[in-house]
Enquirer: 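Questions regarding the structure given below will be posed in turn.
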Amino acid sequence: MARVRYGARTGQEIAATRTASARLPAVWSTGVMAVWETDPDAVAAVLPPPLKPAARPLVRVNISKVELPGYPLGAGSVAVSAAHGEVDGWYPLVMPMTHERALTGGREVFGEPKKLGEVTVERDGLVVRASLARHGIAFVEVRGAVSGDLPLPEPSRKTDFYFKFLPAVDGSGFDTDPVLVHCVRHEKVRRLERVGGDVVLRESMYDPVADLPVRRLLEITVGEKTSDQRGRVVERVDPQALLPYLHQRYDDPLQVLDAPPGGSA
């Protein structure tokens with residue numbers, strides 16, 4: 001009988017997959033980053049416990065294109081500064097990706113708030129434009145002109161905070177206690193330029209980053225970087241404390257109950 005492809009894989013095949021993923025070469029992305037100060041009350045409002053506001057109320061936008069073997073990928077992130085105990089890092093609110101393959105591992109393994117979207121990174125001479133869009137709305141746009149080279153930073157270590165959870169089958173909360181994940185990235189930069197420009201936030205009911213206004217723009221850069229990431233569960237989270245923030249993950253929280261009778265899609 002021909003092999004049934006939905007059938008179980010052997011232990012050897014599973015081990016080979018893990019080995020192949022561990023040996024992936026460094027992938028370099030070209031991207032635009034903007035950082036600004038916003039209202040401290042707005043940052044505090046979006047942080048689920050046990051996360052706390054960091055010393056400065058910052059928002060960071062990364063908009064990148066990645067030349068992955070076989071297909072190009074657009075990847076973005078809008079995050080706010082946060083702290084968990086003694087660890088300072090970033091709490092991403094939305095991470096648009098242009099391909100489903102980029103969603104799966106991030107959402108299911110790390111708990112990243114990834115969604116399908118449109119990611120644009122354009123450069124014409126010195127002029128740079130980058131944007132994140134969903135549902136036809138470019139809810140973040142960074143635009144400007146390159147004004148000079150910047151010194152290359154030393155390799156750095158950055159932490160993102162994610163909440164990994166499964167909504168309950170009956171819609172009452174969660175099937176198991178959610179967990180807080182620390183995702184640590186080691187980043188290297190091989191090109192970095194300063195950009196003079198601005199950040200435009202557009203109203204979107206699906207991605208309301210306009211609630212984090214630009215009070216003081218700190219920097220815009222364009223460059224090339226590569227990074228790896230490792231995640232670990234650091235603690236279990238009170239389900240009732242996290243439940244009021246469930247809508248951050250979905251355009252409509254009721255969509256988790258959208259499967260028709262019988263469980264077919």
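This one's a predicted model, so the numbers in the text were calculated from it and none came from an experiment. All values below were derived from every heavy atom in this structure, side-chain atoms included, with hydrogens, water molecules and symmetry-related copies excluded.
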Enquirer: For the salt bridge (charged side-chain N to carboxylate O under 4.0 Å, His left out) test, which of Arg143, Lys65, Arg129 pairs with Glu122?
Expert: Arg129
Enquirer: Name the atoms and distances for all side-chain donor-acceptor pairs under 3.5 Å in residues 31-39, with sequence neighbours left out.
Expert:
{"unit_1": "Trp36", "atom_1": "NE1", "unit_2": "Leu212", "atom_2": "O", "d": "3.1"}
{"unit_1": "Trp36", "atom_1": "NE1", "unit_2": "Pro213", "atom_2": "O", "d": "3.4"}
{"unit_1": "Glu37", "atom_1": "OE2", "unit_2": "Arg56", "atom_2": "NE", "d": "3.2"}
{"unit_1": "Glu37", "atom_1": "OE2", "unit_2": "Arg56", "atom_2": "NH2", "d": "2.6"}
{"unit_1": "Glu37", "atom_1": "OE2", "unit_2": "Arg216", "atom_2": "NH2", "d": "3.4"}
{"unit_1": "Thr38", "atom_1": "OG1", "unit_2": "Pro213", "atom_2": "O", "d": "2.7"}
{"unit_1": "Asp39", "atom_1": "OD1", "unit_2": "Arg215", "atom_2": "NE", "d": "2.8"}
{"unit_1": "Asp39", "atom_1": "OD2", "unit_2": "Arg215", "atom_2": "NH2", "d": "3.1"}

Enquirer: Run the side chain to side chain donor-acceptor pair (under 3.5 Å) test against Gln229 and tell me which residues pass, sequence neighbours left out.
Expert: Arg185
Enquirer: Would you say Thr98's side chain and Gly74's backbone share a donor-acceptor pair under 3.5 angstrom?
Expert: yes
Enquirer: If I take atom CH2 from residue Trp90 and atom SG from residue Cys183, how far apart are they, to the nearest 0.5 angstrom?
Expert: 15.0 Å
Enquirer: For Val46, what residues pass the side-chain contact (heavy atoms from CB on, under 4.5 Å) criterion, not counting sequence neighbours?
Expert: Val80, Leu93, Gln248
Enquirer: Got a second to check how far Arg60's CZ is from Ser77's OG, nearest 0.5 Å?
Expert: 5.5 Å
Enquirer: Between Thr226 and Val27, is there a donor-acceptor pair closer than 3.5 Å when you use the side chain of the first and the backbone of the second?
Expert: yes
Enquirer: Salt bridge check: are Glu13 and Arg3 linked by an N-O gap of less than 4.0 Å?
Expert: yes
Enquirer: Show every salt bridge (charged side-chain N to carboxylate O under 4.0 Å, His left out) that has at least one partner inside residues 73-82, sequence neighbours left out.
Expert: none
Enquirer: Could you walk me through whether Ile220 and Val142 pass the side chain to side chain contact (heavy atoms under 4.5 Å, CB included) check?
Expert: CA-CA 8 Å; Ile220 302 175; Val142 183; 3.7 Å; yes
Enquirer: Tell me the ring pair (Phe, Tyr, Trp, His ring centres under 6.0 Å) pairs involving residues 164-201, sequence neighbours left out?
Expert: His84-His182, Phe161-His182, Phe165-Phe174
Enquirer: Which pairs count as salt bridge (charged side-chain N to carboxylate O under 4.0 Å, His left out) when at least one residue sits in residues 81-106, sequence neighbours excluded?
Expert: none
Enquirer: Are Asp251 and Lys115 ion-paired here, with the side-chain N under 4.0 Å from a carboxylate O?
Expert: yes
Enquirer: Using atom types as modelled and distance alone, determine if a side-chain donor or acceptor of Glu108 lies under 3.5 Å from a backbone N or O of Gly105.
Expert: no
Enquirer: Using side-chain contact (heavy atoms from CB on, under 4.5 Å) as the criterion, point out the one residue from Leu132, Val61, Leu201 that pairs with Val209.
Expert: Leu201
Enquirer: Any chance you could pull the hydrophobic cluster mates of Met97, using side-chain heavy atoms under 4.5 angstrom and chaining through other members?
Expert: Met95, Leu103, Val109, Phe110, Leu116, Tyr162, Val179, Val181, Val233
Enquirer: What is the distance from atom NZ of Lys225 to atom OG of Ser64, rounded to the nearest 0.5 Å?
Expert: 5.5 Å
Enquirer: In the structure I gave you, are the side-chain heavy atoms of Pro49 and Tyr245 within less than 4.5 Å of one another anywhere?
Expert: yes
Enquirer: Between Ser81 (side chain only) and Leu58 (backbone N and O only), is there a donor and an acceptor less than 3.5 Å apart?
Expert: yes
Enquirer: Between Val195 and Glu193, does the side chain to side chain contact (heavy atoms under 4.5 Å, CB included) criterion hold? Intermediate values first, please.
Expert: CA-CA 7 Å; Val195 176; Glu193 295 171 288; 5.6 Å; no
Enquirer: Quick one: do Arg107 and Glu112 make a salt bridge, cutoff under 4.0 Å?
Expert: no
Enquirer: So Val78 and Pro92, do their side chains get closer than 4.5 Å, heavy atoms only?
Expert: no
Enquirer: Applying ring pair (Phe, Tyr, Trp, His ring centres under 6.0 Å) as the test, list every pair that has at least one member in residues 49-70; sequence neighbours left out.
Expert: none
Enquirer: Measuring only between side-chain heavy atoms, which start at C-beta, is Glu187 closer than 4.5 Å to Pro155?
Expert: no
Enquirer: Within the 4.5 Å heavy-atom criterion, are Asp177 and Pro239 side-chain neighbours or not?
Expert: yes
Enquirer: With sequence neighbours left out, which residue pairs that include part of residues 204-214 fulfil the side chain to side chain donor-acceptor pair (under 3.5 Å) condition?
Expert: Arg134-Asp207
Enquirer: With the side chain counted from C-beta on, respond yes when Arg123 and Val146 share a heavy-atom pair under 4.5 Å apart, and no when they do not.
Expert: yes
Enquirer: Can a donor-acceptor pair be found, under 3.5 Å and without considering hydrogens, that links the side chain of Arg249 to the backbone of Gly111?
Expert: yes
Enquirer: Can you name the residues that form a side chain to side chain donor-acceptor pair (under 3.5 Å) with Arg232, not counting sequence neighbours?
Expert: none
Enquirer: Would you give the length of the straight line joining atom CZ of Phe163 to atom CG of Leu246, rounded to the nearest 0.5 angstrom?
Expert: 12.5 Å
Enquirer: Rounded to the nearest 0.5 Å, what's the gap from CZ on Arg202 to CD1 on Ile137? Could you check?
Expert: 10.0 Å
Enquirer: Among all residues two or more places apart in sequence or in another chain, which pass the side chain to side chain donor-acceptor pair (under 3.5 Å) test with Lys164?
Expert: none
Enquirer: With sequence neighbours excluded, tell me which residues meet side chain to side chain donor-acceptor pair (under 3.5 Å) with Glu224.
Expert: Arg190, Arg191
